[in-house]
Amino acid sequence: MAGFSSLDNLISNVSNSGKFFRADWNKNHATAGTVVAGSWQSLLTGAGNPPANTLVGSGTTLVEKPLYDFQATHGGIQHGGAVNAAYTDYKVLLNASAYSAAATTMPAVAMLCDFISTTTLTNATINATGTKTLANTENVTFSSSSGLLMTTVNDYDTFTPVRFTTTGALPTGLAINTTYWTIRVSATTSRLATSLSNAIASTAIAFTDAGSGTNTLTFFNPRYGDGAGVQAFLVASTAGTAGTTTFQLTYTNSAGTASRTTPSSPALPTNNATAPIFGIPYSGTGSGKFGPFMPLQGGDAGIRSIQNIILASSGVTGGVYNLVKARSLMTLPMTTLGVAAERDLVNQLPSMPRIFDGACLGWLIYAGSAIPNNSAFYGHLDFGWS
């Protein structure tokens, strides 16, 4: 298991055993639209190193897609691969830096996140008011021919973590309240693996029966399974052009309590009249403005799953939004143009945040001034493990 028992143990592992990895990154800000002071943006979808996440805005609408560092299209900062082959361990973050030399980008605040999943909300979904139900649970059927094949209505990406319940019996070898990973075969069929590493190796479960009763699949977080510390935000992959609708989530919290909602007091998150590419459309100043995450109901410590997103008033006339689940790991205030902001996480709180195997790392940026389009940000991350 990763983690360090003492400073001596940290020094021994990092210095003597070479259990250390440095990741240098550079990402560009939005390429279009006005980024106003007080708003938030995601750098995950910006060009640079690593390349942009191209999963946002794509795929089947309302179907949740997991995010990983080993998928090039997910755009996560590489952190040296898995600590163990089973993808069940973690590193810790030791140090971090960020800076920009682009004019008028300062002051700003960078927030490092583990991006867990993304759900595309096409304009056809968000230009009309009402309740939009995420397709993260459905009844499925199994076939025992040619190994276990699962048939679904929705199209699930490979490496989607799922769990099952049943009114009868699951196929022999599957168990309720146990996580499995999909290996996509087609838009409506998948095989299942007993671990993420097996899914990566295309090692699927093979059984001889199809089970009985009604079998129900539910999306499960690839990391932070109980949802502790997990929050949600919206981000535009196609600029939103009009509509001052409000957004409200219904979700299950990290304690497993369902039917929790985004509080309406003092105000629900409200869409800006214009939302630039990569922008969080309700961020800014004034009533109904939050950032970067949508508020949780009082006393909640995180989101285990999201059931619905509700739009009131007028919809968003132009744009594609994405509902992203993420866990904030640290913040890094940047005050001076061309001077790196640095964070020593060994001696400062939060002390050495865990970076789980497969974590999709990226940045959210708070604009303290009107950041010009396509501004570049740079920095590094240091990791260690035992």
Requested in this report: Evaluate the ring planes of Trp25 and Trp363, with Trp represented by its six-membered ring, and classify them as parallel (under 30°), tilted (30 to 60°) or perpendicular (over 60°).
Outcome: tilted
Query raised in the report: Can you tell me if Ser186 uses its side chain to pair, donor with acceptor, with the backbone of Thr189 under 3.5 Å?
Result: yes
Query raised in the report: With side chains defined as the heavy atoms from C-beta onward, is the minimum distance between Ile365 and His29 less than 4.5 Å?
Result: yes
Query raised in the report: Where the side chain of Thr245 meets the backbone of Val316, is there a donor-acceptor pair that is under 3.5 Å apart?
Result: no
Report task. Report yes if the distance between the aromatic ring centroids of Tyr180 and Phe220 is under 6.0 Å, otherwise no. Result -> no
Query raised in the report: Given the rule in the side-chain hydrogen bond (donor to acceptor under 3.5 Å, both in side chains) test, do Asn253 and Gln297 qualify, once you have shown the distances and angles that lead to the verdict?
Result: CA-CA 9 Å; Asn253 68 14; Gln297 189 168 329; over 6 Å; no
Query raised in the report: Side chain of Arg304, backbone of Ala228: donor and acceptor closer than 3.5 Å?
Result: no
Report task. Check for a donor-acceptor pair, side chain of Tyr366 on one end and backbone N or O of Gln41 on the other, with a separation under 3.5 Å. Result -> no
Requested in this report: Identify whether the distance between the nearest side-chain nitrogen and carboxylate oxygen of Arg327 and Asp114 falls below 4.0 Å.
Outcome: no
Query raised in the report: Between Asp357 and Arg223, does at least one N-O distance fall below 4.0 Å, as a salt bridge requires?
Result: no
Report task. Could you walk me through whether Arg260 and Asp300 pass salt bridge (Lys or Arg N to Asp or Glu O under 4.0 Å), step by step? Result -> CA-CA 9 Å; Arg260 306 296 281 178; Asp300 287 353; 3.0 Å; yes
Report task. Give me the ring orientation class for Phe356 and Tyr224: parallel if the planes are under 30° apart, tilted from 30 to 60°, perpendicular past 60°. Result -> perpendicular
Report task. Scan Thr179, Thr178, Thr218 and name whichever one has a side-chain hydrogen bond (donor to acceptor under 3.5 Å, both in side chains) with Arg163. Result -> Thr179
Query raised in the report: Can you check whether Phe164 and Phe142 have ring centres sitting under 6.0 Å from each other?
Result: yes
Query raised in the report: With no hydrogens and no angle check, is any side-chain donor or acceptor of Ser100 less than 3.5 Å from a backbone partner on Ala376?
Result: yes
**Report entry** Asn28 side-chain N/O to Phe377 backbone N/O, donor-acceptor pair under 3.5 Å
**Finding:** no
Report summary line: Tested for side-chain hydrogen bond (donor to acceptor under 3.5 Å, both in side chains) against Tyr321, the lone hit among Asn271, Thr120, Asn123 is Asn271
Requested in this report: Return yes if a side-chain donor-acceptor contact under 3.5 Å exists between Asn221 and Lys325, otherwise no.
Outcome: yes
Report summary line: Paired with Val235, the side chain to side chain contact (heavy atoms under 4.5 Å, CB included) test is passed by just one of Val324, Ile277, Thr118, Leu364, namely Val324
**Report entry** Asp209 and Ser144 side chains, donor-acceptor separation under 3.5 Å
**Finding:** no
Requested in this report: Answer with yes or no whether the side chains of Ser305 and Gln307 bring together a donor and an acceptor at under 3.5 Å.
Outcome: yes
Query raised in the report: Can the ring centres of Phe383 and Tyr90 be said to be less than 6.0 Å apart?
Result: no
Query raised in the report: Thr105 side chain to Ala102 main-chain N or O, any donor-acceptor pair under 3.5 Å?
Result: yes
Query raised in the report: Side chains of Pro372 and Thr104: does their closest heavy-atom pair fall under 4.5 Å?
Result: yes
Query raised in the report: Heavy-atom distance under 4.5 Å between the side chains of Phe219 and Ile306, does that happen here?
Result: no
Requested in this report: Name the orientation class of the two ring planes belonging to Phe70 and Phe159 (parallel below 30°, tilted from 30 to 60°, perpendicular beyond 60°).
Outcome: perpendicular
Query - Lys91 (side chain) donor-acceptor with Ser386 (main chain) under 3.5 angstrom - result: no
Query raised in the report: Using a distance-only test with no angle check, is there a side-chain donor-acceptor pair under 3.5 angstrom linking Thr188 and Thr152?
Result: no
